[in-house]
There are 2 protein chains.
Amino acid sequence: MCNLYGVQPDLALDHQLCFALYAASRRVQQAYRPALDDLGLTYPQYLVMLALWERDGVGVGELGERLHLDSGTLSPLLRRLEQRGLVTRRRDDPDGRRVEILLTPQGDALRDRAGQVQDCLAGQVDLGPEQLGALRDLARALVNSTPRSDGGTP
Amino acid sequence: MCNLYGVQPDLALDHQLCFALYAASRRVQQAYRPALDDLGLTYPQYLVMLALWERDGVGVGELGERLHLDSGTLSPLLRRLEQRGLVTRRRDDPDGRRVEILLTPQGDALRDRAGQVQDCLAGQVDLGPEQLGALRDLARALVNSTPRSDGGTP
DNA sequence: CACAACTGAGTTGCGTGCAATCTAGCTGGC
DNA sequence: GCCAGCTAGATTGCACGCAACTCAGTTGTG
């Protein structure tokens, strides 16, 4: 845990938090994939739909704030969701720069089928509900710690 | 908050394990980025180097097994590492299909500078060592649970 | 030995993530 | 009213991930 130039600070892959999170995140995406294929959604698209089911009629920026994503990622993603008829983008606000994202009836209806997506995880992951809850809370704490600012290593 | 179909299992974004892990993983990548920029590595490239510092002279398949990545991801990544002079790929084994990945002296030397990369996380994340350890263990348990097989939702 | 089945890497296509840049629209100072 | 500066999205370029496929090389069977 300490590192000068002499001591080697445990570079082993398996001991790295970064790798554990990286692999766990992709592992969960794999677990969701079959269910999401049924809905015709990718994993990030599913997360966007989750956010919109919670509250739509928001701008791209607000959506990105909730998902920690920027317009460079969301713009093309939302275009695809629009092409599939799940959302619409309106640009007629008082503020002509804003684009409002709204669910279509189709997009809203998809919500009823989304419950089964979560059940998919339960059958595939060997962690108890308690452990999953703890993992979720820890991960959430990690996300909210010290938002993107300058890096270290001055 | 509840739809028909009886019990609605809480579709709120913030309660989802999938989102927590997804966001946490990207958050950690952001924390590492400044330090990795100094080394001229991307985050996945850094993980590959970690694996190779642990043991090199391995085939692409073995490397992928350790990292849970397939050749479709590793082949181009390794090509870039080779272009930067950090690894070499040899194809003269007894088994002519195998490609052995070996660290160059440069790639090996980079290891001495990699210690500082981990210190970068410590200053940016508001989790104690205990919590980080717990998170790592949980995430690792999740990764190793029920490897990629068929999906759910029969 | 001949040949089908298998295997290890590589390639292709598509959808992210994200930095950097661009563009259109708004806003404040004069 | 005018223009510099700001802001919200969109676009561009590059590097993943991963499914699907190709290709070269090996192995098992007769």
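So that the names make sense, note that chain A is the first sequence line, chain B the second, and so on, each numbered from 1. Any value given below was found using the heavy atoms of this structure, including those in side chains, with hydrogens, waters and symmetry copies removed.
Within 3.5 Å, a donor on the side chain of Arg97(B) pairs with an acceptor on the base of dT7(C), or the reverse. Interface remark: the Ser71(A) side chain does not form any donor-acceptor pair with the dA8(D) base, using a distance-only criterion of under 3.5 Å.
What separates CZ of Arg33(B) from C1' of dC18(C) is a distance of 7 Å, to the nearest Å. We find that CG of Asp70(B) is positioned 7 Å from P of dC18(D), with the value rounded to whole Å. Put simply, CG on Leu67(A) is 13 Å from C1' on dT16(C), counting in whole angstrom units. One atom, OH of Tyr43(B), and another, C1' of dT16(C), lie 17 Å apart when rounded to the nearest Å. In this structure, the CD atom of Glu65(A) is 18 Å from the P atom of dG17(C), given to the nearest Å. Nucleotide dC18(D) holds its C1' atom 12 Å from the CG atom of Leu74(B), rounded to whole Å. Distance CZ (Phe19(B)) to C1' (dG17(C)): 14 Å, rounded to an integer number of Å. Spacing between atom CG of Asp95(B) and atom P of dA9(C) amounts to 8 Å, rounded to whole angstrom units.
Closest to the Arg80(B) side chain, of the nucleotides dT16(C), dA15(D), dA9(C), is dA15(D). Among the nucleotides dT11(C), dC18(C), dG15(C), the one closest to the side chain of Ser75(B) is dT11(C). Residue Gln45(A) has its side chain nearest to dG15(C) when only dG9(D), dA15(D), dG15(C) are considered. The side chain of Arg89(A) approaches dA10(D) more closely than any other nucleotide in the set dG8(C), dC18(D), dA10(D). Each of dC18(D), dT11(C), dG10(C) was ranked by its minimum atom distance to the side chain of Gln30(A); first place goes to dC18(D).
The CG atom of Leu21(B) sits 12.5 Å away from atom CZ of Arg26(A), with the distance rounded to the nearest 0.5 Å. To the nearest 0.5 angstrom, Leu69(A) atom CG is 11.0 Å from Ser75(A) atom OG.
Phosphate proximity of dT7(C) to Arg98(B): absent, as no side-chain N or O sits under 4.0 Å from OP1 or OP2. When the side-chain nitrogen and oxygen atoms of Arg26(A) are compared with OP1 and OP2 of dC18(D), one or more of them lie within a distance under 4.0 Å.
When the options Thr88(A), Asp108(A), Leu86(A) are evaluated for a side-chain contact (heavy atoms from CB on, under 4.5 Å) with Leu103(A), the one that passes is Asp108(A).
Residues Pro76(B) and Ser71(B) share a closest heavy-atom pair of CD-O, 4.0 Å.
Within 4.0 Å of Thr42(B), counting heavy atoms only, lie sugar-phosphate atoms of the nucleic acid but no base atom. Backbone-only contact: Gly96(A) has heavy atoms under 4.0 Å from sugar-phosphate atoms and none from a base. Leu77(A) comes within 4.0 angstrom of sugar-phosphate atoms only, judged by non-hydrogen atoms across all strands, and of no base.
Residues Val99(A) and Gln29(A) each lie close to DNA chain D; by heavy-atom proximity, the contact nearer the 5' end of the strand is made by Val99(A). Along DNA chain D, the nucleotide nearest Tyr22(A) and the nucleotide nearest Leu78(A) are compared for position; the residue whose nucleotide lies closer to the 5' end is Leu78(A).
Between Tyr46(A) and Tyr32(A), the ring-plane angle classifies as tilted under the 30° and 60° cut-offs.
Shown here is Arg55(A), whose CZ atom has no more than 12 heavy atoms of other residues, nucleotides or ligands within 6.0 Å.
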